[in-house]
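It should be emphasised that the depicted structure is a prediction, and the values quoted were computed from it without experimental measurement. Just so you know, these numbers use all the heavy atoms, side chains as well, and skip hydrogens, waters and symmetry mates.
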Amino acid sequence: MKRLLKIAFAALFISIFLVCQTSAAVPYSTYIYTIDGEAIASPHAYVPDRTVTSADMKLLVALNDPSDIEVDEDENVYIADSSNNRIILCDSNYKVTNVIDSFTNDQGVADSLATPSGVFVKDDEIFVADTDNNRIVVFDKKTCAFKRRIEEPTGDVFPENHIYKPIALAVDNAGRIYVISSTTHYGVIQLNGDGSFIGFLGAQKTNPTAWEIFWRAFQTDAQRAQSKKLVPTEYNNITIDESGFVYVTTNSIDPEKQQSAIEGKDKSGDYAPVKKLNPSGYDVMQRTGFYPPSGEIDVQSMNVNPDAVTGASSIVDVALGPNGMWSIIDANRQKIYTYDEQGNLLFIFGDKGMQLGNLQNVNAITYKGTNILVLDKTTDSITVYKRTEYGDCIAQALQNTRDRNYDDAARFWTDILQRNANFDQSYIGIADSLKRDGDYEQAELYYSYATDTEGYSEAFKAIRKQWIEKYIVVIPIVLIVFFVLVSKFNKYTRKVNKAGQVTKDKRTFKEALIYGFHIIYHPFDGFWDMKHEKRGNLKGSLFCVFLTILAFIYQTFGTAYIFNADPSKSTIFGQVLSVLTPFLLFCVANWCLTTLFDGEGSFKDIVMATGYALLPIPILVIPATLISNVLSLDEQAIISLLVSFAYIWTGLLLFFGMMVIHDYTIGKNVLTTLGTIVGMAFIMFIGVLFSGLLTKVFSFVYNIFVELSYRA
């Protein structure tokens, strides 16, 4: 027994040691985001492998402020060593094979590079953005011999005194060169292979306010030049894929607009820090994920400690990897964000620090096979990250999806879920496979796990199609029955309202309630008779308010999953307040205002008219909620139309009701309606102010009580 206990304790100690050692080997956390913007821990897709320094490369002169890194098809590494005015060539083991710094140009004159900021390798040529020499220089890949130089492009579209500062470039299969100039605000400069200017590609959108446009008319030329809000933001880096689509990044977008686009889940790309441009210059990047690819999503709650970085991500480079993966780097947080071809977030990793795997000032990123290389300009080193088994599973799932091997992809997605149950893309991948196999019910279930309403809608449409093909006869029968019942109900309400035209001292609850249907179809006669002929009563009116509350509660919990994926965000109490609060505010504000402006309606009249005016909401919202359960996401406009019509109808009834009971002209009623809205806002302000004051008084009294109790 003693030996067994010793062995058990030894095994426990070893396991704890190994776990601690493993966790210590990865000094950062890997995480993803949910649809609600909540960061959730994820298994490591990439872990640090090594840091490559100048000593490891066997460099005699150490790297100094390197700005770009590139890898060719043979996994040779190219580094733009800016401050040393050279390009470093390394083999796949990061050993220096050549250095390009000086050369003899095509004029037979000794020449050299000046702060080269970008390097790109295409076929048998090395393209260098020779920044301070305002040109591009091309070298032979094998011999590193000078081949040609491409001077500053010229064209009528360039403004006078334009300064050309190429900092990054890419070359497509046709030999066209795409150049990023740090001083150019008109987009990517597109050149032919001989350097002739083609045009600009993908200029960034500006969104000036009306005041900025007006004020610009009175500014001097110097002031206009300094006004950046009316000038498109410039790009800072570029790469290109095999199909000729250009990926560009920028960190010059207004951070507030960038963050607003993320929080609003804006998929347009107007304020996106990374874009995918087609040959025509249009952004064609797919942004089907929960949030657009823009780096960090929740920049507020992550500010746990005072030293944490806040604000939108500063994206400085983009790299294209295997299996459709691509990554961007955030210079603010020293993090790497990786996405798939559809723009779905796969994982986030990295952090600032001095340990292996952490970064100080990330400046460039590239893929070397399955590894990721990140260039750090502060430590003048390359950090190499290798893909883990979990990362391999993601890559295999993506590749099989690209190859349309959906069953194999589903196996990998399932394997990923066993490692990370919070990875929503796995649920979507499995659901896609089930949908293609015709198992639409199960596909719906998996889509719901990932809150993918679009995929859920597609599966639902397939189920609905099968049901219609089987029960096609039921649809016309249901429609006929519905319209017959509506017709009979309208006849009944007209009969009851006609019988109620006689003068009575009291109205029954049924008469008062059904009278509301006369009001909504004949508002002028209806509201006049309500006040002067004593038709309708307070009970019937308040019951309309009650029906409105029920309609909103039913809308919250009865709307189909496609249109309301998370009904738990709303509560019954919240729905009650959403109706009663504006109802009471309107009645009180209108009564206060019309009392001063010769309104003839009493407070009771206002309450009754407002209550009856709400009747179209339950009449239309309840059917809209019902039919939501048989509609797909593409047919959402039908629901929106019904609900919008209900609000417009109610608004018109409310307007005409106040005009009739107060005996106002249209002009005077418009003014009092606007005044009522202002009065509602004023009452709310006073209420919030008063409640805050009461809270402070209560807190003050409570603190005194606590202090006295301690002293006693």
Nearest-0.5 Å distance that lies between atom [atom1] in [X] and atom [atom2] in [Y]:
X      : Y      : atom1 : atom2 : value
Leu346 : Ile32  : CG    : CD1   : 9.5 Å
Ile430 : Asp439 : CD1   : CG    : 12.5 Å
Leu653 : Ile519 : CG    : CD1   : 8.5 Å
Ile622 : Phe552 : CD1   : CZ    : 10.5 Å
Tyr178 : Tyr235 : OH    : OH    : 13.5 Å
Leu445 : Leu434 : CG    : CG    : 9.0 Å

Between [X] and [Y] (side chain of the first, backbone of the second, donor and acceptor by atom type, cut-off under 3.5 Å), is there such a pair?
X      : Y      : result
Asp298 : Glu38  : no
Thr250 : Ser252 : yes
Tyr33  : Leu345 : no

Indicate whether the side chain of [X] and that of [Y] have a donor and an acceptor atom separated by less than 3.5 Å.
X      : Y      : result
Tyr367 : Ser327 : yes
Asn251 : Ser314 : yes
Thr556 : Gln575 : yes
Gln258 : Asp254 : no
Tyr447 : Asp432 : yes
Asn236 : Thr249 : yes

side-chain contact (heavy atoms from CB on, under 4.5 Å) between Ile315 and Ile329, intermediate numbers included | CA-CA 6 Å; Ile315 306 303; Ile329 49 176; 5.9 Å; no
For residues [X] and [Y], report the shortest heavy-atom separation together with the two atoms involved.
X      : Y      : value
Gly611 : Cys544 : O-CB, 3.3 Å
Asn371 : Arg387 : OD1-N, 4.0 Å
Lys386 : Asp49  : CD-OD1, 3.9 Å

Flag the pair Tyr31 / Phe347 as yes when their ring centroid distance falls below 6.0 Å, and as no otherwise.
->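 No.
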So, for Phe349 and Tyr337, is the gap between ring centers shorter than 6.0 Å?
->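 No, ring centres 6.0 Å or more apart.
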Carboxylate-amine/guanidinium proximity below 4.0 Å for Lys465 and Glu458 =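 No.
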Is Arg419 positioned over the aromatic face of Tyr390, cation under 6.0 angstrom from the ring centre and no more than 45 degrees off axis?
->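 Not flagged: Arg419 not positioned over aromatic ring of Tyr390.
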Under 3.5 Å, side-chain donor or acceptor atoms of residues 40-48 against the rest of the protein: list the pairs with distances, not counting sequence neighbours.
from, atom 1, to, atom 2, distance (Å)
Ser42, OG, Asn420, ND2, 3.4
His44, ND1, Thr30, OG1, 2.7
Tyr46, OH, Thr370, O, 2.6

Derivation and outcome, ring pair (Phe, Tyr, Trp, His ring centres under 6.0 Å), residues Phe460 and Tyr561 = CA-CA 11 Å; Phe460 172 76; Tyr561 172 82; over 10 Å; no
Over 12 non-hydrogen atoms of neighbours within 6.0 angstrom of NZ in Lys461 =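 Yes - once you tally the heavy atoms of other residues, nucleotides and ligands closer than 6.0 Å, there are more than 12.
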Between Asp241 and Lys276, does a side-chain contact (heavy atoms from CB on, under 4.5 Å) hold up when you go through it step by step?
-> CA-CA 10 Å; Asp241 64 15; Lys276 179 181 179 181; 4.1 Å; yes
Quick one: sort the Tyr446 and Tyr449 rings into parallel, tilted or perpendicular, breaks at 30° and 60°.
->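 If you compare the ring of Tyr446 with that of Tyr449, the planes turn out perpendicular.
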Full working for side-chain hydrogen bond (donor to acceptor under 3.5 Å, both in side chains) between Tyr406 and Asn400 = CA-CA 6 Å; Tyr406 299 112; Asn400 278 284; over 6 Å; no
